[in-house]
Amino acid sequence: PEIKAYLGPEPGMRFVDLGCCMNLMFRGYASWPSAYYGVDISARTIEALQGFVAQQGLTVGALWCGRMDRTPFTDGFFDIAACIGVLEYFEAEYVAAALAEMRRILRPQGRLVLDVPNLGDPACRMMMRIEAYLGRPDRFDLPREAFERMLAEGFAIEQGDDLGATVQYFLRRRQ
C-alpha cells in the first residue's frame with residue numbers, strides 16, 4: 001500500500017516494474033490505472049506473464065525480457081517505477097549501471113521505489129546465507145552510506161525506511 005500511495009498511479013501514466021518477476025500477478029499492479037511495463041531477465045517469467053495477461057484479458061504497455069541496465073525505452077518514458085527484491089543479486093558496478101538506466105528512462109521528477117539489503121542487520125545476514133544455500137547468492141556489497149551517495153547522483157531521497165533486513169527508498173528523479 002505504501003508503494004502505491006507514494007507512486008500515485010493514474011490513468012495516462014506509464015509504470016515500469018524493473019526485475020518484475022511475478023509482481024503483476026501478486027502485488028496488485030494489474031489493478032493500477034497506469035500502463036504496466038515489466039522488465040525481467042528471465043524469458044520463462046516473461047512468457048508466464050504473457051500467459052497471465054492473455055488469460056485475464058489485461059492490457060499492458062509491454063513485457064520485455066532483458067537486463068534492467070540496458071532497456072529499449074526512450075529517455076524520460078516512464079512516470080513511475082519500482083525495483084523491489086532485485087538489486088541484492090548484484091555488485092556495485094551493476095547496481096550503478098542499473099540506477100543510471102532507471103534515471104534515464106524516468107521523466108524528470110518521476111518517482112521510484114526500490115529496496116536493497118540492510119547489510120548491518122542480523123536478519124539480512126541470515127537471509128543472505130539462506131539465499132546462498134538456495135543457489136542464488138546475494139552479491140550486493142554496498143554499505144548504506146555508499147549506496148545513498150550513489151543514489152544522490154540521480155535521485156532525491158524523499159524517504160528511506162529501515163525495514164530490518166532491507167531498506168526501502170522512495171525517490172524522485174533529479175533534473
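Just so it is clear, the structure is predicted and the values come from calculations on it, not from any experiment.
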Worksheet item: For R14 and D79, which heavy atoms make the closest approach, and how far apart are they?
Response: N-OD2, 2.7 Å
Discussion item. Nearest 0.5 angstrom please: Q50 CD to C65 SG, how far?
Written reply: 9.0 Å
Item to complete: Step by step, work out the salt bridge (charged side-chain N to carboxylate O under 4.0 Å, His left out) result for R149 and E145.
Response: CA-CA 6 Å; R149 281 193 303 275; E145 299 78 24; over 6 Å; no
Discussion item. Before we go on, tell me: are the rings of Y29 and F15 under 6.0 Å apart, centre to centre?
Written reply: yes
Item to complete: Take Y94 and Y89, measure what ring-ring contact (aromatic ring centres under 6.0 Å, His included) needs, and give me the verdict at the end.
Response: CA-CA 10 Å; Y94 184 87; Y89 299 108; over 10 Å; no
Discussion item. Q55: which residues meet the side chain to side chain contact (heavy atoms under 4.5 Å, CB included) condition with it, sequence neighbours left out?
Written reply: none
Fill in: Candidates R136, R125, R139 - the one meeting salt bridge (charged side-chain N to carboxylate O under 4.0 Å, His left out) with E131
R136
Worksheet item: So how far is it from T45 OG1 to L24 CG, rounded to the nearest 0.5 Å?
Response: 12.0 Å
Worksheet item: Any side-chain heavy atom of V95 within less than 4.5 Å of one from F147?
Response: yes
Worksheet item: Of all heavy-atom pairs between D115 and L87, which one has the smallest distance, and what is that distance?
Response: O-CB, 4.3 Å
Discussion item. Ignoring hydrogens and geometry beyond distance, is a side-chain donor-acceptor pair present between D17 and Y36 at under 3.5 Å?
Written reply: yes
Practice prompt. Tell me whether the centres of the aromatic rings in F77 and Y37 are closer together than 6.0 Å.
Written response: yes
Worksheet item: What distance do Q56 atom CD and L49 atom CG have between them, rounded to the nearest 0.5 Å?
Response: 11.5 Å
Item to complete: With rounding to the nearest 0.5 Å, note down the distance linking CG in L119 to CG in L142.
Response: 7.5 Å
Fill in: Derivation and outcome, side-chain contact (heavy atoms from CB on, under 4.5 Å), residues M127 and T166
CA-CA 10 Å; M127 290 304 299; T166 61; over 6 Å; no
Practice prompt. Evaluate the criterion side-chain contact (heavy atoms from CB on, under 4.5 Å) for residue pair R111 and M13; output intermediate values, then yes/no.
Written response: CA-CA 11 Å; R111 294 179 304 277; M13 287 181 144; 3.6 Å; yes
Fill in: Minimum side-chain heavy-atom gap I84-I3 below 4.5 Å
yes
Worksheet entry | Y169 reachable from F78 in the ILVMFWY side-chain graph, under 4.5 Å edges | yes
Practice prompt. Might you point out which heavy atoms bring I80 and L7 nearest each other, and give the distance in Å?
Written response: CG2-O, 3.3 Å
Worksheet item: Going by atom types alone, do T71 and E101 pair a side-chain donor with an acceptor below 3.5 Å?
Response: yes
Worksheet entry | Single-linkage hydrophobic cluster F170~V16, side-chain heavy atoms < 4.5 angstrom | no
Worksheet item: Looking only at heavy atoms, what is the nearest atom pair of F140 and M128, with distance?
Response: O-CE, 3.9 Å
Worksheet item: M68 and I41: side-chain contact (heavy atoms from CB on, under 4.5 Å), yes or no, with the steps?
Response: CA-CA 8 Å; M68 69 179 163; I41 194 74; over 6 Å; no
Fill in: Under 3.5 Å side-chain donor-acceptor pair for E158 and Y6
yes
Fill in: A165 versus C124, closest heavy-atom pair with distance
O-CB, 3.5 Å
Worksheet entry | Any L171 side-chain heavy atom under 4.5 Å of L114 side chain | yes
Worksheet item: Knowing that exactly one of L63, V86, I105, L18 qualifies, which makes a side chain to side chain contact (heavy atoms under 4.5 Å, CB included) with V39?
Response: L18
Worksheet item: Distance-only, no hydrogens or angles: does the R104 side chain make a donor-acceptor pair with backbone N or O of F73 under 3.5 Å?
Response: yes
Fill in: Spatial distance of atom CG (D138) from atom CD (E91) [nearest 0.5 Å]
11.5 Å
Worksheet entry | L112 and R173: CA distance, side-chain angles, deciding distance, side-chain contact (heavy atoms from CB on, under 4.5 Å) verdict | CA-CA 8 Å; L112 165 66; R173 181 190 182 261; over 6 Å; no
Worksheet item: Can you tell me if N23 uses its side chain to pair, donor with acceptor, with the backbone of C20 under 3.5 Å?
Response: yes
Worksheet item: Side-chain heavy atoms under 4.5 angstrom apart, residues restricted to Ile, Leu, Val, Met, Phe, Trp, Tyr: same cluster for L151 and L163?
Response: no
Practice prompt. Decide whether a cation-pi geometry holds between R172 and F155; the criteria are a distance under 6.0 Å from NZ or CZ to the six-membered ring centre and an angle within 45° of the ring axis.
Written response: no
Fill in: Single-linkage hydrophobic cluster W32~V60, side-chain heavy atoms < 4.5 angstrom
yes
Worksheet item: Should we say atom CE of M126 is surrounded by more than 12 heavy atoms from elsewhere, each under 6.0 Å from it?
Response: no
Fill in: Any side-chain heavy-atom pair of Q159 and Q168 under 4.5 Å
no
Practice prompt. Ignoring hydrogens and angles, tell me if any N or O in the side chain of R103 forms a donor-acceptor pair with the backbone of P108 under 3.5 Å.
Written response: no
Fill in: Taking every non-hydrogen atom, the tightest pair across A92 and M150
O-CE, 4.0 Å
